[in-house]
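Reading through the structure tokens given below for one structure.
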Amino acid sequence: MAYNFTEIEKKWQQYWLSNKSFRALDPADAPDMPKAYVLDMFPYPSGSGLHVGHPEGYTATDIYSRYLRMRGYNVLHPMGWDAFGLPAEQHAIKTGQHPRQNTERNIANFRRQIQMLGLSYDWDREVDTTDPSYFKWTQWIFLQLFNSYFDPIDQQARPISHLLQELMNENLVVAPDGTAVLNPTQEGMEAIAGEMRVERLWRELNPEEQRQIINGQRLAYQDEAPVNWCPALGTVLSNEEVIDGRSEVGGYPVEKRPMRQWMLRITAYADRLLADLEGLDWPESLKEMQRNWIGRSVGAEVDFEIDARPADEGASADVIASADASESADPGASAERGDEAITVFTTRPDTLYGATYMVLAPEHPLVDRITAPDRRDAVAAYRGDVSARSDRERMADNKEKTGVFTGAWAVNPVSEQRVPVYIADYVMMGYGTGVIMAVPAHDQRDYEFAVKFDLPIRPVVKPASGEAPQGRAFVDEGIAINSKVIDGMRTDEAKEHITSVLAAEGVARRTVKYKLRDWLFSRQRYWGEPFPIALDERGEAVAVAESELPVLLPEMVDFKPTGTPEPPLSKASDWLVYRSGEKTLRRETNTMPQWAGSCWYYLRYIDPHNNERFVDPVKERYWMPVDLYVGGVEHAVLHLLYSRFWHKVLFDLGHVSTPEPFQRLINQGLILGQTEFHAFKSSDGRLISADELCDAAEAMIGDEPTMMGTHRGTGEKLTGYRVSGEEVEKQGPRFVLKSAPSIAVDARAFKMSKSRGNVMNPDDIVRDHGADCFRLYEMYMGPLEAQKPWNTRDIVGMQRFLASVWRNLSGEADEESKSPAKQTPDSPIDDSLERMMHRTIKKVGEDIAAMRFNTAIAELIKLNNEMTALVSVPRALTETFVLLLAPFAPHLAEELWQRLGHSNSLARAAWPNFDEQKLSESTMELPVQVNGKLRGRVSVARDADEASILAEAENSPSAVEWLRGKTIVKRLYVPGKLVNFVVK
RNA sequence: GGCCUCCUGGCGGAAUUGGCAGACGCGACGGACUCAAAAUCCGUUGCCCGCAAGGGCAUGAGGGUUCGAUUCCCUCGGAGGCCACCA
């Protein structure tokens, strides 16, 4: 009987489910077992079903989990659904069906597809972020954030109640610039910055002021800030969800617009999120991406005082600026200063002497105050222009610098020269102080602006060696020049020195800034977690009592965006009313973003049915941290940063036991579509010959033609036409048409997409080849982390392997291939075969532990090829082989295991051990090199000493031949590896 | 523009710490079985010269370090990823 995967796979999948074969044990039930928490990034159950990329990571963790179970580990390996999200809501708007229905349908489909792959999940722990018993705790965690503040001294979150207590204490004081609340001790003041001023004692503030200050400290707070508003989606988006000025979902334009929104104070954790990356076993590139996203830069804030004197009568800004400001005496520069200062942030305080003008972000609040009367119109016009342009447009034409003079002047604190103040959109309001000191000689952007507006360029750094470049800024480090206080110093010393000098004068401060912004946490959507918050008549937030969680979504039939920033929930009039004591409040109508549910799901898997707590502390201590987390790199700065942040807050508040959630992390590489071949035509229809190289670019949506390209030589636009792989051959370094070898063909693999029509459906693969084969194929494609193209042609290799294993081990004859039934006698095993078996045990075990599944499978294939040559396979080998195969092809392995006479599943059968003694022969073959080139081999005893090995190698026939007439300068023996003679 | 990763046969890839380059699979070619095909089994398969024995060349290109480099360093070319007027 031939191998019937359909029947076998169904049988064992049912067996595993009904026997709960992969149940993770509670700590009390597994006293002597080591634990392992192996986690997949749970999927969003989309309408299009499983993609072939999902099973890649899932199979990898499955192999790893099955292996660990066989090694005696108590393994937690769960699966669930990240099921809130935009597509379900858009589907609901289109069909009028409640998003829940669509979501449930999609979950059922995903569950079916995942179960057909034979993955060893503990299905009793399945979670669904849209289930009220789940999002009850998402809301609860939000309340923890709402009811906490970040203590800057201890760098950790604490309950708000703690802050109140501290503030009530007689000795504790302070309200500085109106919002910040400070710890009172002297050290505390200094630790924060030293810039804060004590204005009033806490007890002098009225209750309203006190409340505002408290609210301003919460980790979850409301803010009226410019946000990314996407009119097409009818919602605001986080910075992370906006790509090139368009929404990540759908690619719609996004504009800046001030709105009242919920924010999470992730910036408070910037330092810890950065520092704690060190101890994590994550890919270095991914850590680097998080570091870049957090974007810590060390520099200084420097105050430039505004010069209140009016601009010279009748002189236009441009004329003044182009007059040689650096040389012209500025008689009154220090005489008559205004009392207002503009603070800039710079990472290059050593270039301060070269700051010849200043630039404010157009949105900067100071612009109104400083603009000279005769510049008002120009400034207003420019600001109008800027705000009318979307971020997208702003980025598209960022080649050409724009800006206008405000008519205001400031004084460079070191050179004492007057510098003009401009506004320009190349300065961002959101970073630093929203103002820069422009140093055109040493910053390329400032240089371009200075050239365009004819502003002075003053070099203050020279290269340590060589000449400064012409026609552009010298941006590297070097030696300070033309800078009285720091002349001759290296850039690093100069930075230090000038900052201390200015700090002593009180006009500068050492400062650290981050690119990371607070997390915009509200969305104008229906299908998300409602906030456990109600608002009073002033819009101040009041937490819903914990006992009232979960706050359910109101049942609605109309999910359409209102067309205004008012969320759909505002249409649920009954639901809106919330009574707190005597007061009637209005519920918060925003909902949480999709990231909320995925921020903590790994904790819920630990204790998914607990109605009293989000997770039981004993179980949490047992299972955390996650030992292995596998998922796509697309979550590098979104989910992985957000959940680290939430986890740290929960850690600070004592709800979890580890500072980091995911100890080891691996990114599976993208699976691309099958390689495509394209021939190119120029605009006049001429086919591009192989001699003209062309640069293929930008895949086009549509059927014909299928690609766009650019001629590398002429820059001419080209159109590409798909050619079949059969018609293509390689000539030297390039591909050409077989029928017309002068025509160039481009070969490349694209990301799978519906529009390209290169999407593979897991259902089809499993139906035609079986789950074991599909798993094996995806694992055999290459390293897990690597990006690799799909190639349907190669699947047959794994199919042959499995069928051959069946013929070798099932004890069944196969009519079709006329292979007789093989016996599995209890006879002893031949030495060399035994050696190979032990080597395979070792190699496969090591490879699984290191997640190198492609090479592990290659070893199994090799061992199976050996068995194919045998008439009968000794039982010692068959049993071992089935156990080694089990993590990779579990269905076939279970079936063979049963046929070998075992009545239990091999899910927890013991992984075989290898015998160190039996790995190697008593003799070994060593390569013999002469001058590093392989010239022969010699067989020596494994335990021979170096001298006798060298002697034997030197006397071997091939060595004698190559050494004849030469002088041996050096004899090298690399133990167990090779012998090398260096000769003259 | 900045940062990061990668480049090995016709294709996917292997080479664990600087030590036999091309494991294993696909494809291709030849053979066995078959009336024939499929399936299966057995060979060959980096390129060049050679009947062969054998030799030469070869890990994107060029250089360096080393007895020895796919591996380390430098320059250049190409592909991919992330961020992006981030001061």
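We name chains A, B, ... by the order of the sequence lines, and we start the count at 1 in each one.
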*asked:* For a quick check, tell me whether the side chain of A:K401 and the base of B:C85 share a donor-acceptor pair closer than 3.5 Å.
replied: yes

*What's the CD-P distance between A:E846 and B:A15, to the nearest Å?*
12 Å

_Please evaluate residues A:R852 and A:E859 with respect to the criterion salt bridge (Lys or Arg N to Asp or Glu O under 4.0 Å), reporting the C-alpha separation (whole Å), side-chain torsions for both, the decisive distance (0.1 Å), and the verdict._
CA-CA 11 Å; A:R852 289 188 301 251; A:E859 292 305 305; over 6 Å; no

*Of the nucleotides B:C11, B:C83, B:C41, which one has an atom closest to the side chain of A:R807?*
B:C41

*If you take atom types as modelled and just measure distance, does the side chain of A:R937 reach the base of B:C20 with a donor-acceptor pair under 3.5 Å?*
yes

*For A:R971 and B:G68, what is the distance between atoms CZ and P respectively, to the nearest whole Å?*
18 Å

*Donor-acceptor pair present, A:Y780 side chain and B:C24 base, under 3.5 Å*: yes

*Answer whether the closest heavy-atom distance between the side chains of A:K788 and A:L672 falls below 4.5 Å.*
no

_Rounding to an integer number of Å, can you tell me how far A:K788 NZ sits from B:G81 C1'?_
15 Å

*asked:* Test of understanding: with side-chain hydrogen bond (donor to acceptor under 3.5 Å, both in side chains), list the residues that count as partners of A:Q444, not counting sequence neighbours.
replied: A:E448

*What about A:K977: does its side chain form a donor-acceptor pair under 3.5 Å with the base of B:U17?*
no

*In terms of side-chain heavy atoms of A:N865, which of B:G12, B:C24, B:C20 is nearest?*
B:C24

*For A:F914, which residues count as a ring pair (Phe, Tyr, Trp, His ring centres under 6.0 Å) partner, sequence neighbours excluded?*
none

*For B:G80, does the glycosidic angle fall within 90° of 0 (syn) or outside that (anti)?*
anti

*Which of these nucleotides, B:A23, B:G19, B:G12, is closest to any side-chain atom of A:D794?*
B:G12

*Using a cut-off of 4.0 Å on non-hydrogen atoms, how would the nucleic acid contact of A:I861 be classed: base, sugar-phosphate, or nothing?*
sugar-phosphate

*Would you mind reading off the distance between A:E448 atom CD and B:G1 atom P, rounded to a whole angstrom?*
11 Å

*asked:* Measuring from the side chain of A:W293 (C-beta onward, heavy atoms only), which nucleotide among B:C20, B:C83, B:G80 has the closest atom?
replied: B:C83

*For A:E916, enumerate each residue passing the salt bridge (Lys or Arg N to Asp or Glu O under 4.0 Å) test, keeping only those at least two apart in sequence or located in another chain.*
none

Write down the protein N/O and nucleotide N/O pairs, taken from nucleotides 27-29 of chain B, whose separation is under 3.5 Å; answer none if there are no such pairs.
| from | atom 1 | to | atom 2 | distance (Å) |
| --- | --- | --- | --- | --- |
| B:G27 | OP2 | A:R800 | NH1 | 3.3 |

*Quick one: which of B:C86, B:G80, B:A23 gets closest to the side chain of A:R445?*
B:C86

_Under the rule for side-chain hydrogen bond (donor to acceptor under 3.5 Å, both in side chains), what residues qualify as partners of A:S872, not counting sequence neighbours?_
none

_Residue list, ring pair (Phe, Tyr, Trp, His ring centres under 6.0 Å) with A:H769, at least two apart or on another chain_ = none

*What integer distance in Å separates A:M781:CE from B:C11:P?*
16 Å

*Spacing between A:L672 atom CG and B:A79 atom P, to the nearest angstrom*: 15 Å

*Non-neighbouring partners of A:Y777 that pass ring pair (Phe, Tyr, Trp, His ring centres under 6.0 Å), sequence neighbours left out*: A:W790

*asked:* Applying a 3.5 angstrom cut-off to the pairing atoms, does RNA chain B sit in any stems of at least three consecutive Watson-Crick or G-U pairs? List them by first number.
replied: B:1-7 with B:77-83, B:10-12 with B:24-26, B:27-32 with B:40-45, B:46-49 with B:54-57, B:60-64 with B:72-76

*With A:N791 via side-chain hydrogen bond (donor to acceptor under 3.5 Å, both in side chains) - residues at least two apart*: A:Q674

*asked:* Measuring from the side chain of A:E288 (C-beta onward, heavy atoms only), which nucleotide among B:C3, B:A87, B:C83 has the closest atom?
replied: B:C3

_For A:D443, salt bridge (Lys or Arg N to Asp or Glu O under 4.0 Å) partners two or more places apart_ = A:R445

*With sugar-phosphate meaning primed atoms plus P, OP1 and OP2, does A:D446 contact a base, only sugar-phosphate, or nothing at under 4.0 Å between heavy atoms?*
nothing

_Given B:A87, B:G13, B:C42, the nucleotide with the shortest approach to the side chain of A:T868_ = B:C42

*Tell me yes or no: between the side chains of A:D446 and A:Y426, is some donor less than 3.5 Å from an acceptor?*
yes

*How do A:P783 and A:S297 order along RNA chain B: which one's closest nucleotide is nearer the 5' end?*
A:P783

*Rounded interatomic separation in angstrom, taking CE from A:M289 and P from B:C82*: 7 Å

*Mapping A:E284 and A:N854 onto RNA chain B by nearest heavy atom, which one lands closer to the 5' end?*
A:E284

*For B:C86, does OP1 or OP2 lie under 4.0 Å from any side-chain N or O of A:R517?*
no

_Taking the six-membered ring for Trp, are A:F853 and A:Y780 closer than 6.0 Å centroid to centroid?_
no

*Could you check whether A:K287 gets within reach of a base, just the sugar-phosphate, or nothing at all, counting any heavy atom under 4.0 Å?*
nothing

*Would the A:Y422 and A:F449 ring centres measure less than 6.0 Å apart?*
yes

*With sequence neighbours excluded, tell me which residues meet ring pair (Phe, Tyr, Trp, His ring centres under 6.0 Å) with A:Y447.*
none

*Report yes if at least one side-chain N or O of A:N292 is closer than 4.0 Å to OP1 or OP2 of B:G2; otherwise report no.*
no

*Could you run through nucleotides 53-67 of chain B and give me one letter per nucleotide, 5' to 3': B if any protein heavy atom sits under 4.0 Å from the base, S if only the sugar-phosphate is that close, - if neither?*
--SSS---------B

*Give a yes/no on whether any side-chain N or O of A:N864 is located under 4.0 angstrom from OP1 or OP2 of B:C24.*
no

*Whole-Å distance between B:A79 C1' and A:D746 CG?*
11 Å

*Check every atom of B:C85, B:C3, B:A87 against the side chain of A:F345 and return the nucleotide holding the closest atom.*
B:A87

